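Presented below is the structure to which this report refers.
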Amino acid sequence: MKAASFQYYAPTSIADVVALMAEHSDAGIRILAGGQSLVPTMAYRLARPAHLIDINRIAGLDQITDHGEFLEIGALVRHEGFAANRLPARLGAILAHIANHIAHRPIRARGTFCGSLAHADPASEWCLVAATLEAELIAESARGVRTISSADYFRGIMSTALEDDEFLTSVRIRRPADDTLFGFFEYSRRHGDFALAASLVSFQLTAGLMQNVRLGLGGVEDYPRRLAEVESLLEGQSPSAAVFTRAGDLAAQHVNPSAADVDYRIELVKTVVERALQHANETT
Amino acid sequence: MKITLTLNGNKHQVDVEPRHTLTDVIRDACGYTGTHLGCEHGVCGACTIIVDGEAIRACLMFAIQADGRTIRTIEGLAQGNTLHPLQEAFVKHHALQCGYCTPGFLMLATHALEKNPDITDAELQDVLSSNLCRCTGYQNILAAVQDARDTMRTPS
Ligand SMILES: Cc1cc2nc3c(=O)[nH]c(=O)nc-3n(C[C@H](O)[C@H](O)[C@H](O)COP(=O)(O)OP(=O)(O)OC[C@H]3O[C@@H](n4cnc5c(N)ncnc54)[C@H](O)[C@@H]3O)c2cc1C
Ligand code: FES
Ligand code: FES
């Protein structure tokens with residue numbers, strides 16, 4: 001299990017990255033961020049890039065910047081970078097909580113938020129975050145910079161709108177209103193394993209009623225997405241165990257699991273949706 | 001390509017191919033075979049070492065990425081004939097059987113205790129869940145690391 005040969009580059013600027021990408025995109029070029037997904041795929045020789053660009057020596061990409069209206073997560077922000085963050089209180093707390101569900105400590109010390117989005121594993125927690133909250137992906141190439149809304153980004157299992165010559169320099173998450181509540185629940189067989197199902201929810205409570213409900217589901221279909229039917233069911237309702245159970249049941253009716261164990265996944269959907277809602281409700 | 005690694009305090013200049021992982025180079029080129037390879041794809045943690053103060057999976061880093069960095073492996077843990085308190089605790093608590101996973105667990109635990117000498121039992125359980133052991137059933141490893149934490153905090 002050894003990777004095939006490749007040409008290695010360790011540029012120190014974004015400009016150098018995009019120039020290399022433009023030059024070699026036909027021959028097969030990949031960006032190496034944390035390497036926690038790419039190196040295993042190269043060891044299996046499922047990926048055999050002729051050129052590899054290590055971005056770890058580029059300064060300034062490891063910051064989460066609070067721009068007020070949105071948070072900007074640079075291409076070298078590691079999973080661990082969310083553990084002790086100084087982000088707006090509730091959003092910071094939920095992102096730290098979610099980060100703890102990704103793999104194990106040594107992997108979290110290397111793996112990146114943006115790398116997870118580029119890799120687009122159906123069970124990726126960060127992909128669920130991007131799909132559920134309002135996120136924009138900033139992709140740079142020699143052709144220019146473009147912004148991709150998370151709603152248009154995911155295309156299939158490990159397939160995204162990113163082109164072969166594009167470098168995902170950062171992801172922006174619109175800052176939710178300060179009184180937004182968040183809830184997250186995932187089920188995996190062991191702590192740290194990929195989720196078999198996960199749900200993230202956010203809403204505000206106005207006069208005791210749920211408003212601006214966002215509910216995302218990951219790990220079950222080809223890529224994470226919001227469940228519009230469930231969001232409309234919850235909108236304007238007062239949170240209660242009965243409503244949460246109905247939301248879980250409705251979610252189960254509207255998903256198409258891509259995994260083999262369909263019936264089991266559908267049961268899990270009910271549970272993770274219900275528990276994510278309970279989690280949000282407990283943080284009030 | 002020529003790279004320089006500072007390995008347990010000694011500088012090693014080695015010639016590597018970009019595709020060589022850090023584990024392969026430490027074992028084959030530098031001759032330190034204490035770092036083990038189990039799965040070679042990030043799952044087992046047998047290859048855990050400390051690079052620039054961070055515990056990482058060495059099978060998921062190419063050696064060329066570690067050019068100029070400071071690396072600590074199992075060979076650097078004991079001081080001469082004196083075992084590190086973690087090694088002592090592993091012996092005392094019977095925290096190894098075949099020993100294949102042991103260097104990885106020791107480096108993982110060394111990093112965890114250095115980063116936070118007051119680490120709680122729950123946090124330790126979370127950290128140690130990173131690596132796999134097919135023999136011990138984990139309880140003795142956990143007990144050994146807890147014991148080492150306590151001795152290292154209050155040196156007698
Ligand atoms: C044992 C184990 C368990 C894991 N468990 C989980 C889990 O529970 N949940 C989870 O989400 N992940 C899990 N992972 C994967 C881990 O989170 C990875 O860190 C993540 O998927 C990819 O991030 P990376 O920075 O390591 O990317 P890399 O491995 O470096 O790259 C992954 C892919 O993205 C591309 N890429 C990376 N960065 C960019 C960029 N900025 N622009 C364009 N392309 C880019 C690469 O070219 C490559 O194709 C696990 C990994 C292991 C080894
Ligand atoms: S050999 Fe590196 S994690 Fe298994
Ligand atoms: S002691 Fe044998 S694998 Fe852990």
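Basis for what follows: all heavy atoms, side chains included, without hydrogens, waters or symmetry-related copies. Numbers restart at 1 for each chain; the letters A, B, ... are given by sequence-line order, proteins then strands. Note that this is a predicted model, so its numbers are computed, not measured.
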Counting only N and O atoms by type, is there a donor-acceptor contact under 3.5 Å from the side chain of A:R48 to the main-chain atoms of A:A4?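 It does not hold such a pair.
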
Considering non-hydrogen atoms only, spot the tightest contact between A:F167 and A:M21 and give its length.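 Scanning both residues, the minimum pair turns out to be N-CE, 4.2 Å.
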
Heavy-atom distances under 4.5 Å only: say whether [X] touches chain A with side chain, backbone, both or neither.
X	value
B:D24	side chain
B:E17	side chain
B:E54	side chain

[X] portion near chain B, given a 4.5 angstrom heavy-atom threshold:
X	value
A:A43	side chain
A:R78	neither
A:E80	side chain
A:L32	side chain

Of all of B:L108, B:L37, B:T21, B:D67, which one pairs up most often with chain A through heavy atoms under 4.5 Å apart?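 Top option by heavy-atom pairs under 4.5 Å: B:D67.
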
With a 4.5 Å cut-off on heavy-atom pairs, point out which of B:Q65, B:H111, B:R57 contacts chain A the most.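 So the answer, after comparing B:Q65, B:H111, B:R57, is B:Q65.
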
Can you find a heavy atom in the side chain of B:I71 that is under 4.5 Å from one in the side chain of B:I50?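 They are not in contact (no side-chain heavy atoms under 4.5 Å apart), so the answer is no.
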
Is B:L132 close to B:V43 at the side-chain level, that is, under 4.5 Å between some pair of heavy atoms?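 The answer is yes, as the side chains (C-beta and beyond) meet within the 4.5 Å cut-off.
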
Top residue by heavy-atom pair count (under 4.5 Å) with chain B, among A:M42, A:R110, A:R57?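 Going by pairs under 4.5 Å, I would pick A:R57.
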
Determine, using ring centers only, whether B:H36 and B:Y100 are less than 6.0 Å apart.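 Aromatic pair counts; centres sit under 6.0 Å.
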
May I ask you to check whether A:Y9 and A:D54 show a side-chain donor-acceptor distance below 3.5 Å?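 No donor-acceptor contact under 3.5 Å links the two side chains.
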
Donor + acceptor pair across side chains of A:Q63, A:T65 (<3.5 Å):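 Checked: A:Q63/A:T65 side chains show no N/O donor-acceptor pair below 3.5 Å.
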
